[in-house]
Amino acid sequence: MEHVKCECGHVNPHGTAFCESCGKPLADLGEKLILDMRYEGSARRSQTYKKTMIDQIWAFFSSVKVGVALIVITLIASAIGTIFPQQMYIPPNVDPAEYYKQQYGWAGKLYYELGFNNLYGSWWYILLIALIGVSLVICSLDRVVPLYRALKRQGVKRHPRFLERQRLFGVSHVSDLDKTMAVLKERLAARRYHVREEDGHLLAEKGRFSRWGPYVNHIGLIIFLIGAMLRSVPGMYIDRVMWIPEGETKEIPGTNGRYFLKSEKFIFETYEKGKDNEVFNAAIDRVGNGMIAKNYQTNVVLYKRVGPVIPGAKPKLEKVKEYPIRVNEPLEFDHYALYQVDFRLNEPKAMSFQLADKQSGETFGTVTVDLYDPKESYNLGHGYRVELLSYFPDFEFDEDGNPSTKSRVPNNPAFVFKMYAPDRPKGEVSFVAIRQTIEPFGNNKYKMAFAGLQTRNVSGLTVRRDFTLWILGVGGAIFMIGLIQGMYWNHRRIWVQRVNGELWIAAHTNKNWFGLKNELRRLLDGTGVMMPADQLENDKKAGQGGQVHGHGTA
Amino acid sequence: MDMAQLSSTLLYIAFVLYLIGTFFFGGAIRDKRKERQEKDRWSQLGISVTIIGFLAQVGYFVTRWIAAGHAPVSNLFEFTTFFGMMLVAAFIIIYFIYRLSVLGLFALPVALLVIAYASMFPREISPLIPALQSDWLHIHVTTAAAGEAILAISFVAGLIYLIRVVDQSKPSKRTFWLEVVMFCLITTLGFVIVSTAFGLSGYEAKFTWVDKNKQTVEVIYDMPALVGPHKGELMKESAGRMEPLVEMPAIINARKLNTVIWSLIAGTALYIMLRLLLRKRVAAALKPLVKNVNLDLTDEISYRAVAIGFPVFTLGALIFAMIWAQIAWTRFWGWDPKEVWALITWLFYAAFLHLRLSKGWHGEKSAWLAVIGFAIIMFNLVAVNLVIAGLHSYAGT
Ligand code: HEM
């Protein structure tokens, strides 16, 4: 590899635009008046090597043009995904192909056929994000190393051609150079500049750390993206649904039988006029009294299993804590979180019947059938007894006309009872469903009279465990730090040199030139040194026929 | 006077003060004697009035918070008003950095439009549904709005830049698009005017119509129906109200489309009137106001606003949003339209920064980008709430 030796003696890597140490332009800079200071003219791999395939891939991904193109494509794709709802937001029990066509006509059909119904999970969308990630890594590496080198090796004394090609540049004649330099040095130090002196020349610098801001924020982004990708690794991420009725204790899914949950009560409240803050009355009126939800809450008890898991045996449980789970207030334990997400009100739980004499109406006791766990036999004493022969939780007649059940959910319970009484020792059979009774073997003396329905509320909870969250958190935090570092600070440098008995000043900042000019103005005030001219502005003025009302050129 | 009443009054006062402030800043431009050294009376008056107005609006915010028991950022009216307030705050901050009075002349009208627009939505104090009952509501929404407002200052500066720099001597693509921006601003005013006018007249027409699930439902129009709902029929109590000229298919929300059409009609009428009055393009008419503006400084302000606003926006609209979503909705990200549009906004400004930094997109190009960025923010604020319904769309408004 060839190196380029500058006349100041510094040896620069091949591809350097201007000397790392003294700033003398090494390459032909053409007509350009002002040096491109972005990477201190340092040699970037992508700009220097273009031979092998790897060089070319490297150059491709380190190009900001490519990076911006990727960002813009992702942006447009993301926007397309919001035209119609994504599949996860349509009702779960419909055929998506039908749904999009029916709801949105031909446009919906096309949307579905192009796969936009699952746009954010599509391979090409994920590939786009991955490419942005690759681009981030390569472009950062491509720049940060040479930039670090160049900033570390910069010399205090700069070549005059470096100075005169800075955007802010001025030459002054002062009567007492030494004294002026001393005053400037003092003032610069007072303004918290880090001042270095060499052979009577000054380099004042501040905020250099802000130059690392973009790289820090890119690292944060990469960490975030890695975290997001890790979610698809098994075990990193658990997302389960749990329906739990009031009064029941259930194993919490996803915990491998280690945790159990009991629901004490589900509470649903709405805002009501008279009870809530009066200022809400107008809003409540508009939507309807009792129509605005106020609270969804499940009071639960969390249990932990003690001892080993023995199949078939009832687990031994130890109470961990009681907690009201509400929206925005999940129950957290051992990296898990349980969220209140859904509910079903007033689900049938048990049905009661009275054994009655059809004619006299006299009753002989009450039978309560648990719709989820019915007993087979109910003894009412004094010789009265009821047996449950069959139970159909979700009753229907099947194709052959026989009673059967659609599901195990008691949506439409039906029962076949056998009723025993002292005067009916062989028993009478009765088929009882909602609003109908069939007596298959002729007329009975007794009947099972409906005596009430017990209901209960069921809570829908989501169980989550996400081991990627802390990675995302770290990534996000680093991103913010880098962002603030790069955006709220800037890197300012002021060179003050003696050249042929004149005082030369040049200044550079990576952003906020307005602030730098103000600072210079204050710095030079009363020293007799001329305010450096903004060469970029002068340049433009010439181009625009002097229309621009200059400022900053005192 | 009770708190809620006091709160409304304070908002009204703030609105009027911003209006007065605009005129003072206008005076600062016209003041020919203006020299750098000399103290500029008009600007001083302008910024003082603006600050008092801002304090009045903070008063509105605080009293409404006390009345409701929660931060007033929970429905479209409150959020948009808050955005207007942050816009003024961002302007005040940038003003004290750069002391550019022309910025006030453009920033305040934008804030006024935003607040007027907000006031067209139901203004009652609404109770919080369970998902919103969280401190993260205040934290997330306020920071996101603050970020968007600072980014909006970049638009204001960009607009000034464009008005100053676009050559109005002959029509071109640039003059056309600049007029489009003007037209959009004027149409917002059109919306405010028609809403207020029909609101004051108490217009109401009830229709029954058949929705896309073939259900017959009712809808109340508060503007005469130019476009009617699917199989819409005027109900008895609205007999004699205007019959729709055209009927919409079921998947289109005809009531909202009707409002949009009325706004466009009013906006177009206003725009044509202005053109006839001014006898030149609106942007051309504004050009004298900015003729003394320093282009480089305006460009820098536009960029600086993005530099300051981007981190705030990231924190509020993405990071805080994700934290809250994780707590309230069990997942930090769910590709809800509002979330996606926040991501789009963020990607857009990232592209803006990169283009500026490495492709040297300064000046006019950068100014156009600032305009597009603001359009995206407004799209998220207006269209995503009203058109694309998602988890975030404030219930029913
Ligand atoms: C969405 C993703 C990205 C975000 C949010 C982001 C953010 C940023 C920010 C805030 C800056 C500082 C800008 C300024 O100071 O004005 C920056 C600089 C930069 N970014 Fe990115 N970036 C992203 C993606 C990329 C990609 C894909 C590339 C690769 C081509 C890239 C390359 C750069 C470069 C080269 C710089 C300038 C560094 C310097 O000059 O010191 N960025 N980025």
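A, B, ... follow the sequence lines: proteins, then strands. Residue 1 opens every chain.
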Ignoring hydrogens and geometry, is there a side-chain-to-backbone donor-acceptor pair from A/N328 to B/P130 under 3.5 Å?
yes
Select one option (side chain, backbone, both, neither) describing which atoms of A/F479 are under 4.5 Å from chain B's heavy atoms.
side chain
Strictly by salt bridge (charged side-chain N to carboxylate O under 4.0 Å, His left out), give each pair with a member in residues 287-297 of chain A just once, sequence neighbours left out.
A/D276-A/K294
Taking side chain to side chain donor-acceptor pair (under 3.5 Å) as the cut-off, I'd like each qualifying pair that reaches into residues 468-481 of chain A, sequence neighbours left out, listed once.
A/D466-A/T468
When B/S126, B/P311, B/S134, B/A307 are compared by non-hydrogen pairs under 4.5 Å with chain A, the top option
B/P311
Would you find more than 12 non-hydrogen atoms of other residues, nucleotides or ligands less than 6.0 Å from A/K101 atom NZ?
no
Give, for atom CG of A/N295 and atom CD1 of B/I129, the distance between the pair rounded to the nearest 0.5 Å.
12.5 Å
Applying a strict 4.5 Å limit to non-hydrogen atoms, the region of A/N512 in contact with chain B is both
Portion of A/A337 that has a non-hydrogen atom of chain B nearer than 4.5 angstrom:
neither
Atom group of A/R143 that falls short of 4.5 Å from chain B, counting heavy atoms:
neither
Near A/M88 CE, under 6.0 Å, is it more than 12 heavy atoms from other residues, nucleotides or ligands?
yes
For a quick test of reading the model, state the closest non-hydrogen atom pair linking B/Q326 to A/Y339 and the distance between them.
O-OH, 3.0 Å
Less than 4.5 Å apart, any side-chain heavy atom of B/Q133 and any of A/R326?
yes
What part of A/S78 is in contact with chain B, defined as an atom under 4.5 angstrom from a non-hydrogen atom: side chain, backbone, both or neither?
both
If you count heavy-atom pairs under 4.5 Å between each of A/L469, A/I484, A/L472 and chain B, which one has the most?
A/L469
Can you name the nearest heavy-atom pair linking B/E124 to A/A282, along with the distance?
CB-CB, 3.7 Å
Using every non-hydrogen atom in the two residues, find where B/A328 and A/V327 come nearest and quote the distance to one decimal.
O-CG1, 4.2 Å
Has the side chain of A/Y120 got a donor or acceptor atom that lies under 3.5 Å from a matching backbone atom of B/W335?
no
From CD1 (A/I76) to CD1 (B/I344), nearest 0.5 Å:
9.5 Å
All heavy atoms of B/A351 vs all of A/I71, minimum pair found to be CB-CG2, 4.2 Å
Would you mind telling me which of B/G334, B/G69, B/A4 has the largest number of heavy-atom pairs within less than 4.5 Å of chain A?
B/G334
Turns out that what part of B/W136 lies under 4.5 Å from chain A's heavy atoms comes down to neither
Any heavy-atom pair between the side chains of A/R464 and B/R331 that's under 4.5 Å?
yes
Going from CG on B/L347 to OG1 on A/T74, what distance comes out if it is rounded to the nearest 0.5 angstrom?
6.5 Å
Please determine whether the number of non-hydrogen atoms from other residues, nucleotides or ligands lying under 6.0 Å from atom CZ of B/R123 exceeds 12.
no
Which of parallel (below 30°), tilted (30 to 60°) and perpendicular (above 60°) describes A/H218 and B/H354?
parallel
Sort B/L343 into side chain, backbone, both or neither according to what part of it lies under 4.5 angstrom from a heavy atom of chain A.
side chain
Chain B heavy atoms under 4.5 Å from A/Y271: which part of the residue, side chain, backbone, both or neither?
side chain
I'd like to know which of B/F348, B/F310, B/F332 tops the heavy-atom pair count under 4.5 Å against chain A.
B/F332
Gap separating the CG atom of B/D296 from the CZ atom of A/F514, nearest 0.5 angstrom:
12.0 Å
Heavy-atom closest pair, residues A/I292 and B/P127:
CD1-CG, 4.0 Å
Are the side chain of A/N277 and the backbone of B/A67 linked by a donor-acceptor contact shorter than 3.5 Å?
yes
Report, as yes or no, whether the 6.0 Å neighbourhood of atom CD on A/E272 holds more than 12 heavy atoms from other residues, nucleotides or ligands.
yes
With only heavy atoms counted, which part of B/V306 is less than 4.5 Å from chain A, the side chain, the backbone, both or neither?
neither
Contact origin within A/Y237 toward chain B - heavy atom pairs under 4.5 Å
neither
Bottom line for A/V68: the part with an atom under 4.5 Å from chain B's heavy atoms is side chain
Which portion of A/L75 sits near chain B, non-hydrogen atoms under 4.5 angstrom:
both
Validation row: B/L353, A/M487 side chains within 4.5 angstrom (heavy atoms):
yes
Of all of A/K65, A/Q86, A/Q103, which one pairs up most often with chain B through heavy atoms under 4.5 Å apart?
A/Q103
Could you check if a side-chain atom of B/I327 sits within less than 4.5 angstrom of a side-chain atom of A/P330, using non-hydrogen atoms only?
yes
